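Each remark here refers to the structure printed beneath this line.
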Amino acid sequence: GAGVSQSPSNKVTEKGKDVELRCDPISGHTALYWYRQSLGQGLEFLIYFQGNSAPDKSGLPSDRFSAERTGGSVSTLTIQRTQQEDSAVYLCASSLAYGDGNQPQHFGDGTRLSIL
Amino acid sequence: AQSVSQHNHHVILSEAASLELGCNYSYGGTVNLFWYVQYPGQHLQLLLKYFSGDPLVKGIKGFEAEFIKSKFSFNLRKPSVQWSDTAEYFCAVNAGRGSTLGRLYFGRGTQLTVWP
């Protein structure tokens, strides 16, 4: 079946611009996660949704980062006034509703964001 | 906060050699443990997982991992590697309960290169 879909696959933008990254989870997965993968920091958690609510957004690095999820499906991660340190691969994952955190997360291919 | 350590940054082996990748985590409570693999140009894929029960778990492609609670370790093993195992391997942990239930903490990854 279809996996987690992310768009765009690549995004190059100028410093100071806003960007929107999109994630379409696996059908039926109520939990959705955003991570970012960068050379210096490895894989970092950003935010997690259960349905449309975000019980844990503590990983967002600054108030320039925000995310929403509507209809319990598609999510968008928005970065305002981008900075060069925002350059990274942004990964989305989804899973079935967790019981004890033991539902494996399924990852998309990521969006490679480059800030000039 | 939880943390995950992968001690080997880059491992180079010849085909048929045995593999062991180390993973240690810091968290005193109930944990769920995962190994993910990222083949070149592909997304992260689940290799195996441990939630409870037998501490020796078997995954895809002949990989296995052993959870040793007293050592806070979850090392990945394979008796005989193949060229196609060349990839980056990530150990990940999440808490079995609590406010950070949804998030995965990842190690920095180990790049495995297998020479034919």
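Keep in mind that what you see is a predicted model, and the values were worked out from it rather than measured. So you know, we letter chains A, B, ... as the sequences are listed, proteins then strands, and number each from 1.
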Hey, any chance [X] and [Y] share a hydrophobic cluster, counting ILVMFWY side chains that come within less than 4.5 Å of each other, even indirectly?
X: B:Leu48; Y: B:Leu19; value: yes
X: A:Phe107; Y: A:Leu21; value: no
X: B:Phe106; Y: A:Leu46; value: no
X: B:Leu46; Y: A:Val4; value: no
X: A:Leu39; Y: B:Val4; value: no

To the nearest 0.5 Å, tell me how far [X] [atom1] sits from [Y] [atom2].
X: A:Gln103; Y: B:Lys49; atom1: CD; atom2: NZ; value: 8.5 Å
X: B:Asn94; Y: A:Tyr48; atom1: CG; atom2: OH; value: 10.0 Å
X: A:Ser95; Y: B:Leu104; atom1: OG; atom2: CG; value: 9.0 Å

task: Against chain A, label B:Leu44 side chain, backbone, both or neither, depending on which of its atoms sit under 4.5 Å from a heavy atom there.
output: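 Both backbone and side chain.
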Residue B:Gln38 versus chain A: region with a heavy atom under 4.5 Å: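 Only the side chain of B:Gln38 comes within 4.5 Å of chain A.
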- request: Indicate the atoms forming the closest heavy-atom contact of A:Pro104 with B:Tyr36, along with that distance.
  value: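 Closest approach of A:Pro104 to B:Tyr36, heavy atoms only: C-OH, 4.1 Å.
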query: In terms of heavy-atom pairs under 4.5 Å, which option from A:Glu44, A:Gln37, A:His106 contacts chain B the most?
result: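 Sorted descending by pairs with chain B, the first entry is A:Gln37.
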- request: Please flag which part of A:Phe49 lies under 4.5 Å from any non-hydrogen atom of chain B: side chain, backbone, both or neither.
  value: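 No part of A:Phe49 comes within 4.5 Å of chain B.
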message: Which atoms of A:Leu91 are under 4.5 Å from chain B, going by heavy atoms: the side chain, the backbone, both sets, or neither?
response: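 The side chain, not the backbone.
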Atom NE2 of B:His9: over 12 foreign heavy atoms under 6.0 Å: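 Counting neighbours around NE2 of B:His9, 12 or fewer heavy atoms of other residues, nucleotides or ligands fall under 6.0 Å, so no.
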Contact check, side chains of B:Phe90 and A:Leu43, non-hydrogen atoms, under 4.5 Å: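 When only atoms from C-beta onward are counted, A:Leu43 and B:Phe90 do touch, with a gap below 4.5 Å.
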